[in-house]
2 protein chains.
Amino acid sequence: MNNGPRRGRRTGSPDTRTQILEVARRRFFSEGYQNVTLRSIAAEAAVDAALISYFFGSKKGLFGAVLSLSANPADFFAQALEGDLTTLPQRVLRSVDLVWADPEAGSRLRAIVSGAADDVAMAALVKEALEREMVDRLAARLGGRDAHRRAGAFCAQVTGLVMTRFVFRVEPVASMRPDALVRLFTPPLRAVLLEPGRRRPGGDPSAPGRKRS
Amino acid sequence: MNNGPRRGRRTGSPDTRTQILEVARRRFFSEGYQNVTLRSIAAEAAVDAALISYFFGSKKGLFGAVLSLSANPADFFAQALEGDLTTLPQRVLRSVDLVWADPEAGSRLRAIVSGAADDVAMAALVKEALEREMVDRLAARLGGRDAHRRAGAFCAQVTGLVMTRFVFRVEPVASMRPDALVRLFTPPLRAVLLEPGRRRPGGDPSAPGRKRS
DNA sequence: CCTAATATTTCCCCCGTGATGAATAACGGG
DNA sequence: CCCGTTATTCATCACGGGGGAAATATTAGG
């Protein structure tokens with residue numbers, strides 16, 4: 001008789017939790033949060049859908065577990081912050097482009113953004129991450145007058161690049177080669193890093209600046 | 001007896017279609033695409049939910065009808081393009097900020113973006129709109145070498161501002177006053193409008209530019 | 001004015017989703 | 001060996017979008 005998976009605990013010690021996480025990870029990153037159903041994940045993991053509730057509480061819980069699993073891409077950003085301020089925009093641009101162009105990490109980030117637009121809680125998560133991991137760090141790295149504002153503007157620019165290139169895929173930015181991208185976006189990024197009245201970050205302070213109140 | 005709304009066509013000529021549209025419009029713009037249910041719209045319009053299917057085919061159909069109802073915000077952008085190139089960034093910034101800060105139009109745009117993240121078709125719509133209404137128009141306005149690329153970068157910057165300020169609400173950009181916003185974002189926008197090697201758009205062509213192949 | 005076609009409207013049902021609670025089986029410490 | 005804990009499935013629930021069929025009003029054709 002078809003003695004299928006009867007009710008109750010399975011024999012042995014199959015790490016079902018991890019198994020579910022792996023399936024969920026791949027599906028979420030390749031199809032986006034909304035387009036994946038718990039049932040399909042459960043089916044692919046050969047497990048009852050209720051197990052997901054049992055282990056992770058909810059679909060969002062599962063998504064959160066998947067997210068916290070993989071390495072933080074903010075680390076790449078933080079790494080790009082170190083070094084000469086003059087070439088910081090180039091480093092950040094290359095780093096961001098690399099991360100988002102990567103099929104694995106890029107899919108993950110797109111999944112996050114897609115979830116953020118849909119759900120308020122996840123939008124707050126994105127906001128938090130952006131502020132903490134990018135704006136604050138950059139502001140600390142910059143220092144000086146208006147550091148926080150300039151850091152915010154810098155991150156806004158990078159966000160715009162990412163959204164147009166990788167999420168909306170607006171031409172011609174979407175299909176530009178990385179080199180051209182860096183050339184195109186370095187000037188504005190540098191412009192926003194400059195304190196008003198200075199021509200070069202950390203440059204000659206005797207340059208004619210605006211009157212400081 | 002409570003002779004409630006019996007089955008069949010109502011007497012008179014109540015413009016139910018328009019009535020549904022009005023309710024849907026308000027709900028979609030105030031709560032976002034995903035968070036509004038057809039049933040709740042139908043209830044508020046005092047109508048059976050199947051009527052929405054009848055008139056608009058699907059939820060997306062209803063959303064599309066709602067969108068095509070109101071005026072295009074790209075017109076504001078196009079209007080800001082006219083005038084002196086030197087102060088174009090300021091005009092665009094003020095215009096964009098005004099439109100998105102408006103409770104009515106802003107809600108609508110947020111609803112669109114939220115829908116775009118959820119559905120592929122709507123994402124394509126956003127991409128199309130951005131390319132046609134912003135990049136191409138700006139490129140035509142700019143002219144000159146690399147006009148299309150610079151227009152793309154410009155729009156990427158504006159997109160980034162919008163996403164950080166109005167969608168993700170990342171500080172400090174989210175709560176800056178409009179004046180400060182314009183001051184902060186004008187330099188990078190101007191930087192991207194400049195042809196490489198020129199200091200001012202439409203400026204002295206004898207300035208040392210790159211060799212043209 | 002009468003009747004057939006058409007438009008609008010409700011009712012009832014389907015299916016898929018996320019979530020919960022009860023039942024059941026294996027595990028593990030005593 | 002016994003019993004609490006953990007893992008697993010099953011049976012549902014409430015809700016969301018969608019569709020078909022019947023009922024009623026309006027309109028067109030004579």
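So you know, we letter chains A, B, ... as the sequences are listed, proteins then strands, and number each from 1.
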Enquirer: Which one of B/Leu62, B/Val66, B/Leu38 satisfies the side-chain contact (heavy atoms from CB on, under 4.5 Å) criterion with B/Phe56?
Expert: B/Leu62
Enquirer: Quick one: closest heavy-atom pair of A/Leu142 and A/Ala147, and the distance?
Expert: CD1-O, 4.1 Å
Enquirer: Does the side chain of A/Ser30 pick up a donor-acceptor pair with the side chain of A/Arg26 at under 3.5 Å?
Expert: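 There is no such pair (donor and acceptor under 3.5 Å, judged by atom type) between the side chains of A/Ser30 and A/Arg26.
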Enquirer: It should be established whether B/Thr16 places a side-chain nitrogen or oxygen under 4.0 Å from OP1 or OP2 of nucleotide C/dT9.
Expert: yes
Enquirer: Taking the nucleotide of DNA chain D with the closest heavy atom to each, which residue, A/Tyr54 or B/Lys59, is nearer the 5' end?
Expert: A/Tyr54
Enquirer: Give a yes or no on whether B/Lys127 atom NZ has more than 12 heavy-atom contacts from other residues, nucleotides or ligands under 6.0 Å away.
Expert: yes
Enquirer: Whole Å only: how far is the CD atom of A/Gln34 from the P atom of D/dG16?
Expert: 16 Å
Enquirer: Between D/dG17, D/dT9, C/dA19, which one does the side chain of A/Leu51 approach most closely?
Expert: D/dT9
Enquirer: A/Thr37 near the nucleic acid: base, sugar-phosphate alone, or nothing, with a heavy-atom cut-off under 4.0 Å?
Expert: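 The residue A/Thr37 makes sugar-phosphate contact but no base contact.
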Enquirer: For B/Ile20 and C/dT8, give me the distance from atom CD1 to atom P, rounded to whole Å.
Expert: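 To the nearest whole Å, that distance equals 11 Å.
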Enquirer: Which atoms form the tightest heavy-atom contact between B/Asp97 and B/Arg165, and what is the distance?
Expert: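 In this case the closest contact between B/Asp97 and B/Arg165 is OD1-NE, 2.9 Å.
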Enquirer: What integer distance in Å separates B/Phe55:CZ from D/dG19:C1'?
Expert: 16 Å
Enquirer: Could you tell me the separation between the CG atom of B/Leu38 and the P atom of D/dG19, rounded to a whole number of Å?
Expert: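 It works out to 11 Å between those atoms.
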Enquirer: Measure the distance from NZ on A/Lys60 to C1' on C/dT17 and round it to the nearest whole Å.
Expert: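 From A/Lys60 NZ to C/dT17 C1': 14 Å.
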Enquirer: Could you tell me how far apart B/Tyr33 (OH) and D/dG16 (C1') are, to the nearest whole angstrom?
Expert: 12 Å
Enquirer: Grab the two heavy atoms, one from A/Arg137 and one from A/Ala78, that are nearest each other, plus how far apart they are.
Expert: NH1-CB, 2.6 Å
Enquirer: May I have the distance from A/Asn35 (atom CG) to C/dG18 (atom P), rounded to whole angstrom?
Expert: 11 Å
Enquirer: Taking protein heavy atoms under 4.0 Å as touching, what does nucleotides 20-28 of chain D look like 5' to 3' if B marks base contact, S marks sugar-phosphate-only contact and - marks none?
Expert: B-BBBBS--
Enquirer: Between P on C/dA19 and CZ on A/Phe63, what's the gap in Å once rounded to a whole number?
Expert: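 Answer to the nearest Å: 14 Å.
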Enquirer: Do A/Arg27 side-chain atoms and A/Val36 backbone N/O form a donor-acceptor pair below 3.5 Å?
Expert: no
Enquirer: Check this for me: does the side-chain of A/Arg39 come within 3.5 Å of the base of C/dG18 through a donor and an acceptor?
Expert: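 Such a pair exists between side chain and base.
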